[in-house]
Amino acid sequence: MGSYDDTTGDDVDSGLGDYDSAGGAAGNGPGTPAWDADRVARRDDAVRAAVEQGLLAPGSPIVGLLDVTGIRESATALRAAFDAVVAPGTPVLHAFAVKATPLVPVLRLLREEGIGAEVASPGELALARAAGLRPEMTVLDSPAKTPAELREALALGIAVNADNPQELDRIDALMRSAASRSPLGIRVNPQVGGGSIEATSTATATSKFGVALLDEGAREWVVRAYQDRPWLTRLHAHTGSQGIPLSLMAQGVAAAYTLAEEINRRIGRRQIDTLDIGGGLPVNFASDATSPTYAQYARLLGEAVPGLFDGRYGLVTEFGRSLLAKHGTVVARVEYAKSAGGRPVAVTHAGVQVATRTVYAPGSWPLRIGAYDGKGRPKEGPAVLQDVAGPACFSGDLLAEGATLPLLEQGDYAAALDTGAYYFAHHYAYNSLARPGIYGFAPDGAGGIAFATVREAQSLDEIVAESGGAHASSLTTLATPPRR
Ligand SMILES: *Cc1c(COP(=O)(O)O)cnc(C)c1O
């Protein structure tokens, strides 16, 4: 097995290596330095166009931007990576983990690229349906599904992975009451261990997800569950997310594969016909390089789990962050530039409301900041140590602490890079700060940039309405018991 730990690969053709010296047309495919450089150029063009076209302005000081070209390219790279390793004819469903970027136009774009949806709540299922995803392209995986959710999923024919024995009981009852086309499986936790970020480590000994496979009696229970239910045809494991080394992810997939082989052997037929190997490919937040790539991961799986791709099993994947992160940028105007204790501080409009994880856990979720001038052009000038702060009323509201970049001045723009997943689509309503507008962009074919609205900025009326505005006097008129 290769040594593809975390975000670097040493024996691969597209690591972090000589990214800066890259250029020209050679090898301009997914995951190559030239491909990454094109994405950076598109981003710079989009920031400038957003200022020129008035999306960014003093009265509209923050937007989220999504690179439509880049999203399409990542979807293509994902499909190509698995097409290159699976036996011809193997059914493969790539289901985008909707929680990474829960935006209907994004789901529709991915659908057009042949990517389905992994949903984990009634809201996410509603988004997938609004995007027009067919049930065959949808997988439901949440750890807390209600009976009503399960009934709806089975009625629609959506694939469901049961999280635990109690959920399987509920599915049993539903299967007795009505036939369903839903492919059904069980989620197991191979307990292979965690990565560098506790909160996104799903395969620790005590993770809340799935059936903990190494616990006493658990493996036997899983085998029996399949023996007793001929309609259980899938097995699911999602062993990690950001911070998990690829080798550990591969170990989790290997554990699921080995279990499927054992179950099928003991039942005496290929009852499990599909393995859902989850998502979790980590993203490199340290530079513009795409690393690791889907191709590296697919090759690693082929080496680490011989048999996985030989055509006996259909495959489902559930990548989220790795499909979208590098294609999103939050751009915020520098309202004030000040100095405190000798440290320059740029006070911007992007903080905890759009970068919640970074603000509360900066060590685990550092963001790179790009500096642009008031016209949206990349800022030149010597790198200066500075803080980039958000608009919220607490001192920890920092997008970046001690970042080194050209000095941000009043009227400039600060760009939080690689924020296409789990950032601006995950608004946190601190200080009743408005959800920013989100716009997709693409070259317009005439040398400019065209924008499309993905989500309108939240209005003040919406903020009031979502904060109980329709019930202003509900508490003052509440009937109170007579005083004694
Ligand atoms: C969050 C999640 C994913 C996606 O994880 P990423 O790190 O965004 O790729 C996939 N499957 C399940 C079950 C998840 O909970």
Side-chain angles (χ1 to χ4, degrees), residues 6-7 71 74-75 77-78 81-82 93-103 106-107 110 115-121 123-125 127-128 137-145 153 158-164 167 185-190 194-204 207-211 234-246 248-250 252-253 256 274-285 290-294 296-298 301 315-328 357 364-365 418-423 425-426:
D6 281 323
T7 54
I71 296 169
S74 281
L78 170 59
F82 281 80
L93 169 64
H94 298 293
F96 173 63
V98 170
K99 77 166 181 279
T101 309
L103 296 167
V106 169
L107 304 182
L110 290 171
I115 308 284
E118 187 263 357
V119 300
S121 71
E124 288 181 358
L125 176 55
L127 299 186
M137 299 285 281
T138 309
V139 179
L140 172 66
D141 272 343
S142 94
K145 309 176 196 80
I158 286 169
V160 177
N161 290 312
D163 182 84
N164 59 65
E167 188 164 294
I186 294 178
R187 176 170 184 173
V188 295
N189 168 11
S196 61
I197 305 175
E198 181 69 30
T200 54
S201 294
T202 51
T204 59
S207 162
K208 72 175 180 180
F209 296 109
V211 177
R234 288 192 173 182
L235 183 64
H236 176 222
H238 166 68
T239 39
S241 272
Q242 192 67 19
I244 309 283
L246 291 200
L248 199 64
M249 292 174 61
V253 174
T274 301
L275 292 172
D276 181 339
I277 63 173
L281 194 72
V283 166
N284 167 32
F285 285 96
T290 303
S291 174
T293 64
Y294 290 123
Q296 287 164 1
Y297 183 48
L301 286 178
L315 295 169
V316 177
T317 74
E318 304 171 344
F319 296 101
R321 181 178 289 107
S322 54
L323 265 170
L324 260 293
K326 288 216 142 351
H327 307 306
R357 276 183 171 161
S364 296
W365 303 99
D418 306 330
T419 47
Y422 302 102
Y423 279 97
H426 291 65

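Just so you know, ligand 1 is whichever comes first in the structure, and atom 1 is the first atom listed for that ligand. Quantities reported herein were computed from a predicted structural model and do not represent experimental measurements.
Note on Glu124 versus Lys99: no salt bridge recorded, every NZ/NE/NH1/NH2 to OD/OE distance being 4.0 Å or above.
Near Asp141, meaning under 4.0 Å from any of its heavy atoms, are these atoms of ligand 1: 13 (C). Short contacts between ligand 1 and Lys99, defined as distances under 4.0 Å to a heavy atom of the residue, involve ligand atoms 1 (C), 2 (C), 3 (C), 14 (C), 15 (O).
Ligand 1 has an N or O atom lying under 3.5 Å from an N or O atom of Arg321, backbone or side chain. Among the atoms of Ala100, none of the N or O lies under 3.5 angstrom from an N or O of ligand 1.
When side chains are defined from C-beta on, Leu324 counts as touching Leu110, because their heavy atoms get closer than 4.5 Å. By the 4.5 Å heavy-atom criterion applied to side chains, Thr274 and Val316 are counted as neighbours.
When heavy-atom distances to ligand 1 are checked against a 4.0 Å cut-off, Glu318 comes that close through both its backbone and its side chain. Both the backbone and the side chain of Ser241 come within contact range of ligand 1, each with a heavy atom under 4.0 Å.
Within the structure, ligand 1 has Tyr422 among the residues with a heavy atom less than 4.0 angstrom away. Ligand 1 is never approached by Ser322 to a heavy-atom distance shorter than 4.0 Å.
Note on ring orientation: taking the six-membered ring where Trp is involved, the planes of Phe319 and Phe82 are tilted (angle from 30° to 60°).
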